[in-house]
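Have a look at the structure below, then the notes.
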Amino acid sequence: MTLDTGTTAWLLTATALVMLMTPGVGFFYGGLVRRKNFISMVALSFIVFALVSLQWVLFGYSLSFGGDIGGFIGNLDFAGLSGIGMEAGDAGYPPLLFVAFQGVFAAIAMAIVTSGFAERVKLSAFILFALLWTTLVYDPLAHWAWGGGWASVVGSLDFAGGTVVHISSGFAALAVAMVIGKRSGFGQYSMEPHNIPMTLLGAALLWFGWFGFNAGSALAANSIAVNAFMVTNISAAAGALAWLAASWYRGKPSSLGMVSGAVAGLVAITPAAGFVDVGASIAIGAIAGLICYGAMLFRLKKGLDESLDAWAVHGMGGLWGAFATGIFATVAIGGYSGLIEGNLNQFIANAVGALAALVYAFVVTLVLAYIVDRTLGLRVSEEEEYVGLDISQHGERA
Amino acid sequence: MTLDTGTTAWLLTATALVMLMTPGVGFFYGGLVRRKNFISMVALSFIVFALVSLQWVLFGYSLSFGGDIGGFIGNLDFAGLSGIGMEAGDAGYPPLLFVAFQGVFAAIAMAIVTSGFAERVKLSAFILFALLWTTLVYDPLAHWAWGGGWASVVGSLDFAGGTVVHISSGFAALAVAMVIGKRSGFGQYSMEPHNIPMTLLGAALLWFGWFGFNAGSALAANSIAVNAFMVTNISAAAGALAWLAASWYRGKPSSLGMVSGAVAGLVAITPAAGFVDVGASIAIGAIAGLICYGAMLFRLKKGLDESLDAWAVHGMGGLWGAFATGIFATVAIGGYSGLIEGNLNQFIANAVGALAALVYAFVVTLVLAYIVDRTLGLRVSEEEEYVGLDISQHGERA
Amino acid sequence: MTLDTGTTAWLLTATALVMLMTPGVGFFYGGLVRRKNFISMVALSFIVFALVSLQWVLFGYSLSFGGDIGGFIGNLDFAGLSGIGMEAGDAGYPPLLFVAFQGVFAAIAMAIVTSGFAERVKLSAFILFALLWTTLVYDPLAHWAWGGGWASVVGSLDFAGGTVVHISSGFAALAVAMVIGKRSGFGQYSMEPHNIPMTLLGAALLWFGWFGFNAGSALAANSIAVNAFMVTNISAAAGALAWLAASWYRGKPSSLGMVSGAVAGLVAITPAAGFVDVGASIAIGAIAGLICYGAMLFRLKKGLDESLDAWAVHGMGGLWGAFATGIFATVAIGGYSGLIEGNLNQFIANAVGALAALVYAFVVTLVLAYIVDRTLGLRVSEEEEYVGLDISQHGERA
Amino acid sequence: MKMIKAIIRPERLEFVKKALENQGQYGMTVMPVEGRGDQKGISLQYRGGAIIVDLIPKVQIEVVVKDADVDRLINAICEAAKTGKIGDGRIFVLPVERSIKVRTGEQES
Amino acid sequence: MKMIKAIIRPERLEFVKKALENQGQYGMTVMPVEGRGDQKGISLQYRGGAIIVDLIPKVQIEVVVKDADVDRLINAICEAAKTGKIGDGRIFVLPVERSIKVRTGEQES
Amino acid sequence: MKMIKAIIRPERLEFVKKALENQGQYGMTVMPVEGRGDQKGISLQYRGGAIIVDLIPKVQIEVVVKDADVDRLINAICEAAKTGKIGDGRIFVLPVERSIKVRTGEQES
Ligand SMILES: Nc1ncnc2c1ncn2[C@@H]1O[C@H](COP(=O)(O)OP(=O)(O)O)[C@@H](O)[C@H]1O
Ligand SMILES: Nc1ncnc2c1ncn2[C@@H]1O[C@H](COP(=O)(O)OP(=O)(O)O)[C@@H](O)[C@H]1O
Ligand SMILES: Nc1ncnc2c1ncn2[C@@H]1O[C@H](COP(=O)(O)OP(=O)(O)O)[C@@H](O)[C@H]1O
């Protein structure tokens, strides 16, 4: 097949859109912390993006998409992008474009994990952790689902990374939060988000970029991409309104709740976007909004300082999305049937894929965080935490 | 015709670009209000986007593009998107993509209307109003111009929504402002924009997204799209400089004036983008800047609190654009001639189309706003207005 | 050749992406100045964009790409875009799209130059200067490299404007700073960046838009575009980490350093993006980060108030990029060999092209700035500088 | 000399400035503050818990004046700042021992 | 009357407000300030040079009270604001000659 | 004790801090304010009408010191803050009855 310029154009665009999501996460998170850690939150996202971009071309891509080793990880045949041609292969676009597109996914996954580190992480330790996590958690999970690993073999469906990106990062953030411990003062006095408009800006960039994330994952400018685009938007809308309504019921309809619900809807539709129709996407989004809202309340009740709710929104939203894919998949859209069309196997395959990823991501993250904590120390000193990471880690002030 | 991947790629991109305009409106408006209503302004845009996205797939699209009923509105054949295939039709892209692209237009129209509600609207009443307005004002107007309704039959040209989106929302904002009444303190003390840089950011997002709005409306990646792209940019530039110059003449060249002029130019070129050449776009943009600036001064002189000038910029800019399309349309670009090429009929058709939409939007909005006001009450209490909508409606602080 | 919809789609998108970079520069710069000049910095970028857009269609494009006059400049055959057809030519996309794409490059070049004017320029003089500079510096340089001028004849390679956009604007900013003089108080008290998060936002927009800048410069949705996309991202990442590391070594790893390094990497890869491979891009970016960091320290030590380091980052980064293209160009990517592949001629051609542009841009800018200063006066009064340009030039407050 | 320290509604600031100007008092120092008094608080709410906001934005004006002018200026401020609703603010008068003009070094007391 | 002017850690504000409330003192005016004292500064660094930051964010509370209440309230503030670490802040007591309620014009002294 | 309250140009803050440090006075509380005095206002302008800005950004420093130190410190501030142009600012001296260190509870008066 020769190069298809339309598909190439769309994947170039989609890659750029997904790239923008990483600073989007930075601003989303940055608005939620206290002013003294605003720069730190945004900077962590940028640093992740730069680090993971390099890791990806050096060996991360190869670990994810290289020749399969035991269903678990790829080999190093593509390390340094050796053997990645520029000629369009069977897919109609240059393989190098696939590398670029997949690379921005790896970056945003790690950016989401910064939630668990918020306002207390030591920069040097964070950098080490980020490299380890991407290599030992993200890359294997990408291989499982998309690189020919066991999950794709058992038939677990993950269209655009609900499991690979969201379950993994959400549960990783939870593990990180447990190792690094609560922010000093957490639970004693309120830590009001210092700049909600910046969070709304981040949410706008995320919603925008997610069209590249999901519709780009069709890997073609075709009707699957169009369907993914549409259900992505509808699920986000439904999630936004569901969380808004639920928080209204219990108090006031906060804008933060609304955008958190939108992100919940976006997360949940991610694994499903190529397999479900618009009707299903309303249900998937709305239920995601409610589940993630509930998860956040649960987290608060437990006094867990997974500070910016990556677990509640990405982890639990991703989990719901994986199940929902197994429930709502319809042969008319993507060629697969889910539970509703009577295919219990699909549901089981998806549940297995999701839960295995969850356990793997949680446990390995726990171990990595523990190791980094014992060696470099994950956390800044109390005094540094008090003056804030902007000043103590970056020597800057927002 | 089979699917054209290039056109599909461009329409996916254009839809994403237009989506970003709705938060763009939120930030543009949010910077103009007082700090205590910043979140509110941005949140209204987000809520509109979520609500209208759902309304659109449930029945809005069908009302707009369903089988014609008396030239006035579409039937419900496409409700719930039934019958919307994913196979590329005659157009070369999947019909579902057209639904998505048109849906983001419906959302931004209602987002523009929030200008008339600024800093005083009760959230619950707003949500009801937004649903009614989109259904009873936007959907019929879209049908008139693009869905086979009477305006397209009489030959009124509206390339990308000058009438459907801008005249309608601009005059609707005026009607809303008349029903809801002035902000308390309006005219007594100054209500300085609290964050002009955020307005500039919103303007940047609008300008950027407008390329999708206008060049996407070619519904193909072709030379019409290219022409629309180019004239859009030039009209915006001319509008920005014209308003800047005019405000300089009367005082200082404010950045707000500049971006308001850019938006005026963007609005005015919208109906014309597929029909006029670059030379005409300079005139259209520059005159738009002057007309809208004058309209704003007139509005202020009249003591009307259409707070963020949707009427002056979108309403009057759209009106000028509709006339301008009838004047400058050239057969060389889009196959239609306007007044300058001696075709008075085109001018009349456009004037009729625009004025009918204007009257319809204004009157129906007046009635809807009145009904919502009498039932739920459009306005917050004086105390709530005093503390600001961020706290009183959302329980948040910027 | 008929119109290629995929290539057209990609170039439409790329043009929109590059457009967003100009406000991106505005926010990048705006965050770095003192609060009282925030609006001014952003407004200068917007004004440049509007002005240059008009200049470009009126005569700028023709001066750059019109029939060659003595290798130095284009003639006025295309003035007012006369003779620019809408039919796809040999390239597979409408020539008008090339005009639009090139136009946004001209705008951002002048926007970068605002660094040298920061916090002290008189608006009227700036507007005159911007028109002169674009016409007498940018347009000839674009002609030299891309319009059939002498530089393309001698074989100097500049893929996406490292010389035309970055060397020119960076050294122009230096010349401007020398003519306009230091900000009052420079060197006496600290002028702390007032809003680093806005600079980070600007950096995010720049990085995002740069994909359009470089990958769009392939002028097709093909494998050259894909390669350009990939190396752009990797060079940015390497630049970010290099500057971060270097500043860490000397103190703290500031977020500003990180994004400055990213921009340095983006600048340096610009001329090379279609000619080098991913491995080379790591070296190019990392070395760019270090060179530009060093240049900035040098500038500070010399007490030069080229306020926002356009010279250090764009000028010196562009210079390195021009050399690097001559060093790392590999026949496998773009058909040209550089020094490493034994082609000294390429290196010399690139060095000659870059240095000639450097000298021309610096000297002509010096003269233009001097003339404007002697006539209109480039600088505001001391009192106006003290209250800030937002108030004194625009009558506004951030 | 005395310092008149007035805490008022932000939207009355222009009126108070004008009123003071009419009394010939131009110099003043202004800063945004938050206050509570008889005005009740509001309950805020974030993604999770609720926060009580009982500090309402106000503007504080400090004017240092001759003893003889105090009453006149207080009256002017009161009149200009008053809306009659809870939250109109307070004025405090503090003794000032001396006042120095930085530019000239001239002292008053 | 006296003005109690307390400069405290921002994160202790809620505790101090509660403590004053418990003492029956509701009215107060609050503003963010920056201060230095025994607490050491920090060195900031921009693209080029370094900047010493020796001003740490604090919150300043002003409460105007009857003379008799001063000691009680100072104790309440101290208790609520104390963490025992350097940077806990200071309280100053200034004389106030009179206090006027803008809304009613009523004066106390 | 006295409170020296100095309203100065923002860009002179570093100089004043250094000058006070040289005099052995490290503790201080600083806040941004806006002021007007002999300095004339500026006219702002939004999309429509015009707004007069007559409040210029300044910085206010409060230092509580022993009576004996007042003159010396005032001189130091004046010298460091002076540019000789209108808008250099004012210094006011107010009586302070006592000063309490929150951390230790120790009082001075
Ligand atoms: N005892 C006090 N000490 C200091 N400031 C006070 C005190 N009481 C009131 N204030 C200030 O005055 C403002 C207005 O007081 P409030 O009681 O709300 O209005 P009113 O006096 O009109 O009833 C408060 O927001 C607060 O800033
Ligand atoms: N002499 C002073 N005058 C005015 N404010 C002071 C003075 N000394 C300290 N402060 C204020 O008190 C705050 C706390 O003082 P600091 O010495 O850091 O804590 P501690 O008193 O607990 O040792 C400072 O940040 C400053 O705002
Ligand atoms: N009577 C006053 N009461 C309170 N603050 C004042 C008074 N007069 C001046 N100020 C403050 O001092 C600042 C400088 O005063 P200004 O008259 O502009 O300078 P200069 O004293 O050098 O002529 C003002 O901006 C204001 O904050």
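Naming convention: chains lettered A, B, ... in sequence-line order (proteins, then strands); numbering from 1 in each chain.
Under a cut-off of 6.0 angstrom, the local environment of CZ in B:Phe208 is crowded, with over 12 non-hydrogen atoms contributed by other residues, nucleotides or ligands.
Listed options B:Thr8, B:Ile234, B:Leu244, B:Val259 were ranked by heavy-atom pairs under 4.5 angstrom with chain C; first place goes to B:Ile234. Among the candidates C:Ser40, C:Ala50, C:Pro23, the residue making the largest number of heavy-atom pairs closer than 4.5 Å to chain B is C:Ala50. When each of C:Leu20, C:Leu205, C:Leu97 is checked for heavy-atom pairs under 4.5 Å with chain B, C:Leu20 comes out on top.
Nearest heavy atoms, C:Met86 versus B:Ile224: CE-N, 4.3 Å. In this structure, B:Ala221 and C:Leu3 approach most closely via the heavy-atom pair O-CD2, 3.2 Å. For the pair C:Ser53 and B:Ala237, the tightest heavy-atom approach, listed with the atom from each and the gap, is CB-CB, 3.9 Å. Summarising the geometry of C:Ala9 relative to B:Gly6, their closest heavy-atom pair is CB-O, 3.3 Å, with the distance given to 0.1 Å. Across all non-hydrogen atoms, the minimal contact from C:Pro94 to B:Val226 is CG-CG2, 3.7 Å. Here the closest non-hydrogen pair linking B:Phe229 and C:Leu12 is CE1-O, 3.4 Å.
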- Run the numbers on C:Gln393 and B:Lys252 for side-chain contact (heavy atoms from CB on, under 4.5 Å), then give the verdict. CA-CA 7 Å; C:Gln393 301 302 290; B:Lys252 295 216 166 173; over 6 Å; no
- Message: I'd like to know whether B:Leu201 forms a side-chain contact (heavy atoms from CB on, under 4.5 Å) with C:Phe27, so could you lay out the CA-CA distance, the side-chain angles of the two residues, the decisive distance to 0.1 Å, and finally the verdict.
- Response: CA-CA 8 Å; B:Leu201 178 64; C:Phe27 281 94; 3.6 Å; yes
- Just do the side-chain contact (heavy atoms from CB on, under 4.5 Å) check on C:Thr5 and B:Asn222 with the steps written out, would you? CA-CA 7 Å; C:Thr5 56; B:Asn222 61 11; over 6 Å; no
- For side-chain contact (heavy atoms from CB on, under 4.5 Å), just list the numbers for B:Ser223 and C:Leu96, CA-CA rounded to whole Å, side-chain angles, deciding distance to a tenth of an Å, and then say yes or no. CA-CA 8 Å; B:Ser223 64; C:Leu96 188 62; over 6 Å; no
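Residue C:Val99 touches chain B through both its backbone and its side chain, counting heavy-atom pairs closer than 4.5 Å. Contact of C:Thr7 with chain B is not made at all, since no heavy-atom distance falls under 4.5 Å. Looking at C:Leu17, both its backbone and its side chain come within 4.5 Å of chain B, counting heavy atoms on both sides. Neither the backbone nor the side chain of C:Ser82 comes within contact range of chain B, judged by heavy atoms closer than 4.5 Å. Interface remark: B:Ile282 contributes side-chain atoms only to the contact with chain C (heavy atom separation under 4.5 Å). Looking at B:Ala225, both its backbone and its side chain come within 4.5 Å of chain C, counting heavy atoms on both sides. Heavy atoms closer than 4.5 Å to chain B are found nowhere in C:Leu11, neither backbone nor side chain. Using a 4.5 Å cut-off between heavy atoms, B:Ala240 contacts chain C through its side chain alone, with no backbone atom that close.
Of the inter-residue distances, the one linking B:Ser255 atom OG with C:Leu44 atom CG reads 10.5 Å to the nearest 0.5 angstrom. Atom CZ of C:Phe38 is separated from atom CG of B:Asn195 by 7.5 Å, given to the nearest 0.5 angstrom. Rounding to the nearest 0.5 Å gives a distance of 8.5 Å between OG1 of B:Thr13 and CH2 of C:Trp10. Here the CD1-CH2 distance, from C:Ile127 to B:Trp248, works out to 4.0 Å after rounding to the nearest 0.5 Å.
Classified by interplanar angle (parallel below 30°, tilted 30° to 60°, perpendicular above 60°), the ring pair B:Trp207/C:Phe46 is tilted.
Formation of a donor-acceptor pair under 3.5 Å by the C:Glu396 side chain with backbone atoms of B:Leu256 is found in this model.
Contact check for B:Pro253 versus C:Leu123: side-chain heavy atoms found under the 4.5 Å cut-off. A 4.5 Å side-chain heavy-atom check between C:Ile47 and B:Met258 finds at least one atom pair inside the cut-off.
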